[in-house]
Amino acid sequence: MLPKPLVLALSAVALCGAVYAGMRPVGPLPPLGGLLDPVSGVWGAAGNAVLPRNATVAIPGLEGTVDVRYDDRGVPHIFATTEEDAYRALGYVVARDRLFQLDIQTRAASGRLTELVGARALELDETPRLLGMPRAAEQKLAAVDPNSEARRILDAYAAGVNAYIDSLKPRDYPIEYKLLNARPERWHSINSIHLLNRMGWTLASGDPDQMLVRAAALVGDSAARSVFPQHTPIEEPIQPQPGWTAPHDRFETIVAPGVPNRNAIALSSLYQRFRTDDPGAESQPAFASNNWAVSPSRTKDGYALLAGDPHLELTLPSIWYEVHLVVPGKLDVYGVTIPGAPAVVIGFNRDVSWTFTNTAADVMDFYRETVDDSINPARYMLDGQWRPLSRRIEQYRDQSGRVIHTDTVRYTHRGPMTKEHGHWVSMRWTVLEPSHELQALYDASHARNTHEFQDMVSRSFLAPAQNMLVADRNGSIAIRSTGHFPIRAGDGDGETIRDGSTSASDWRGFWPVDRYPQSFDPKQGFLASANQEPEAPEAAFGYLGTDHGYEVWRALRINQLLRADSQVTPDDMIRWQTDPGSTRADRFVPYFIAAAKTERARGRSNVTLDSAATLLAQWDRTYSLDNQRAVLFEAAMRELSDRTWDELNQNGARVATPSTAVLAELLTQPANPWWDDRRTRSVAEDRDDILAQSLAAAYDSVTTKYGAPNAGGWRWDRIRFANIYHLLHIPAFSALRIPVPGGTGTLTPSTGTGHYGPSWRMVVEMGPEVHAWGTFPGGQSGNPMSPRYRDHLAFWERGKLQPLIFPRTSAELPASATSATLELRPTK
Amino acid sequence: MIVLRYVARVAIVALICALATVVFGWMSLPVIGFVYSIIDRRARARGTIAALGAALGWLGILGAEAARGADVRMVAVEVGSVMQLPAFALVLVTLAFAAVLCGTAAVLGSGLERT
């Protein structure tokens, strides 16, 4: 037995310790009291995991009762009497399912993550603020007409979110708040604008200057422009070219590497902050969306068909939330919304269905400014006169509200200005300029035919530019690349840093809508976009972007499939979304095999090369899960890229990588000096040398890593995975190492990290009654404990779509398909 | 008889701890432990009774949640894995936390009462 005083002392210490740990964070742990409390702590997440079967809630501001019926997939069907009520209810139900996501996404978009997680998020927060995104959101909100539908809906949505937040007790907070020892903050209408700006950053922040300038710094201007051309050398544009029945190779002689351009070396450092692309990547992973539509003349049932397949960052919960809004006589729209945005972004109503892919236009330009003080400038030079810089102080706060960092962001008339390697560089970017995307999406949900859709949307949707595909019930299909495309001074392209001291460098305006890349009911009977170049060079109004921003292989494949089938069914559309075929492989494999034969004829063959060529010849050029040869091809392509573009290495790392379309172009020039591997100074390699070396090296590396070819280790489902992380990157709340079909350049591309992929697959048949199918990688609930957190994932993995229920009235939704109801009543 | 009295005391403390946690939260446990030790002067091992009662009270809340259909096991698995603990360990940590809060307060209460 311990002496009594000692027992008392130990008890006092233990009690103090427990109370302290209960109230204060210890190390990485949040306060244990709030965390472990069986009522209000993490255990409460289990109680909130399933929506109550029937609930009635009074919320302020409603004009009438709103009937919300959740179907058996957890999709809320909102039946309201006014549109404002419908969007107020939308805010409420989205917050009910995805509150933490609403909050963290908005904080990320507005540079306020430090307020949730502290100083460790400072660098993440600086990016949007130094890019001027919070200021742009304020300006956009101020530009919204207070009497417009968009503004009323924006405010109604915010009120709906807040009605839910106000109803919460700490025990009801999503589990992430408990783990972070935080609480949700009230929602503001501007948050929706922040989110749309964030989407602009994701989709329209690519600027092709960087790759070109980096390449020029190593191989000179001519060679750099040759391997980073404006127009893609393999053409299958979105806007069909009259008379084309196949893709066009527009190959030119690629200029040999030359003398480095010293000016480019200095310029390349100015881009440091503005680009997130991986210079070693073959294509940009975020830009991998597909959409296509088929006219009734080419469908089995004689109705227009539309497929949508936007590829974005994969997260849990998903970026999308499915919803159906009904206001009799005014609105009847189904689709996916981004939690936080009061709009159906991609979806359908009774008359039209629509979807987007990213246009990848160059809408971001840089200007080298002349300032009055290189350390603390107050003015900048324009046309020989000093002009004042406007300033904005950006304060970063921690969880307690304490200011932990301050930035001063200066603005010229073009946009934000930052100092990069001793030079002040300003930026103009369409995403920062006043626009009305919410109005456009509101209009889209009311459109009655393809022409009306495109006209309405083009009026207000300015950034990020999207290839907007639409099909209607009358059998019409149409596509238009919609957004503000700058008209530039001089040569018209956006591939240089311009002189900021003259207004002659400024944009001259924007493309007229009638010159946007577009097509209505083309003769070929189908339309397809997959982030490829929107129109052929001879049809273009001006400079839109460059080959490096585009991707051609998926477009080739979907056009190939569409041309081959004149009796298309919805099942075909669904199957094609996970088609494992690869036009990239079709283009390159024959060259590898031929190179192996050439080397044999030259007497330079060996067992490794022969084995590799034999295995590659056995490949059916698909990336299905059980395929055992795709891995060899992918390794060979990596080796080929490394060996071919060695001239673009600096300090052992690639600083710019031309597209594979350019590499395909180079294949037709067997003696081009680019083939020479500079590392072997005594030998001048040609194409077949490099192809053969690449294939043999690939065989060695694959056998070393995955074992013998037929031992099972080469199966694609053991090599490529989707990795869908929770928003806080908590592994337990994530879905990792999900085997997925597809490889680089297939319709469902997987790039290796598995962080990007198909975010919402949808197929719609626009018959007398609309039939639709869809799924996304996750589920409707944001609560990791909910059975609806990841219940769609099994469908998504297998490439299956679920039928979407589209009732006109609540009575049409069968009881057997109703999982829960929620009645929202006005407060008395 | 002694055992029964002991069990009854634990059950009463458990009930009070559960109700107090629902109404006032986890901070009520030290108060309950302290007050209990002063009220129940005749009992031996008041610290143990309070500790067991608090743990049992919280276990009861978790059991009630599970009985209402809440997937408590999933929380144990998922949150346990966030904290790099096996599922059962998260339950044990939770119950131990309650026991320490209530039990140590009871020991202190009984000690102060003697002085």
Side-chain angles (χ1 to χ4, degrees), chain A residues 2-23 27-50 52-53 169-171 175-176 178-180 726 728-734 783-787 789, chain B residues 17-30 33-34 37 47 51 57-66 68-84 90-91 93-112 114-115:
Chain A
L2 292 171
K4 271 276 189 285
L6 185 57
V7 171
L8 286 176
L10 287 175
S11 296
V13 169
L15 179 59
C16 290
V19 171
Y20 182 85
M23 298 178 74
L29 289 175
L32 290 182
L35 189 75
L36 299 177
D37 187 307
V39 178
S40 62
V42 289
W43 299 103
N48 299 328
V50 179
R53 175 81 194 167
K169 298 186 177 100
R171 62 174 294 173
I175 192 167
E176 292 90 346
K178 294 168 181 174
L179 294 171
L180 292 171
H726 176 262
L728 292 178
H729 276 241
I730 297 172
F733 298 168
S734 307
N783 182 346
M785 308 305 147
S786 168
Y789 180 63
Chain B
C17 283
L19 289 174
T21 302
V22 170
V23 178
F24 302 111
W26 67 275
M27 278 293 281
S28 58
L29 294 193
F34 190 83
S37 69
W58 278 25
L59 188 63
I61 294 173
L62 296 182
E65 284 288 318
R68 283 198 311 135
D71 196 343
V72 173
R73 188 181 153 277
M74 180 180 266
V75 176
V77 171
E78 300 282 341
V79 179
S81 118
V82 172
M83 298 169 78
Q84 297 178 333
L90 183 69
V91 179
V93 167
T94 301
L95 302 184
F97 181 63
V100 170
L101 284 171
C102 198
T104 53
V107 171
L108 282 177
S110 59
L112 290 175
R114 279 182 189 136
T115 59

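A note on names: the letters A, B, ... follow the listed sequences, proteins ahead of strands, and every chain is numbered from 1.
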Check: Please walk me through it: do A:L179 and A:L728 pass side chain to side chain contact (heavy atoms under 4.5 Å, CB included)?
Finding: CA-CA 10 Å; A:L179 294 171; A:L728 292 178; 5.7 Å; no
Under a 4.5 Å heavy-atom cut-off, does chain A meet the side chain of [X], its backbone, both or neither?
X      : value
B:V23  : neither
B:E65  : side chain
B:L101 : both
B:V93  : both
B:A76  : both
B:L90  : both

Notebook entry, point to check: What's the spacing between B:F97 CZ and B:C102 SG if we round to 0.5 Å?
Noted result: 12.0 Å
Notebook entry, point to check: Rounded to the nearest 0.5 Å, what separation is found between the CE atom of A:M785 and the CZ atom of B:R73?
Noted result: 12.0 Å
Next item on the list: Quick one: do B:L108 and A:L8 satisfy side chain to side chain contact (heavy atoms under 4.5 Å, CB included)? Show the steps, please.
Entry: CA-CA 6 Å; B:L108 282 177; A:L8 286 176; 4.3 Å; yes
[options]: which one forms the most heavy-atom pairs within less than 4.5 Å of chain B?
options               : answer
A:A732, A:A49, A:P784 : A:A732
A:G47, A:G22, A:A14   : A:G22
A:S11, A:G17, A:A12   : A:S11
A:V42, A:V50, A:V13   : A:V42

Note to self: Any heavy-atom pair between the side chains of A:F733 and A:I175 that's under 4.5 Å?
What the structure shows: yes
Notebook entry, point to check: Can you find a pair of side-chain heavy atoms, one from B:V107 and one from B:S37, that are under 4.5 Å apart?
Noted result: no
Would you give me the side-chain donor-acceptor pairs under 3.5 Å for residues 29-38 of chain A, sequence neighbours excluded?
unit_1 : atom_1 : unit_2 : atom_2 : d
A:D37  : OD1    : A:V39  : N      : 2.8
A:D37  : OD1    : A:S40  : N      : 3.2
A:D37  : OD2    : B:W26  : N      : 2.9

Checklist line | Non-neighbouring partners of A:S734 that pass side chain to side chain contact (heavy atoms under 4.5 Å, CB included), sequence neighbours left out | finding: A:Y725, A:H726, A:L736
Note to self: Out of B:D71, B:V77, B:L62, return the one with the most heavy atom pairs under 4.5 angstrom to chain A.
What the structure shows: B:L62
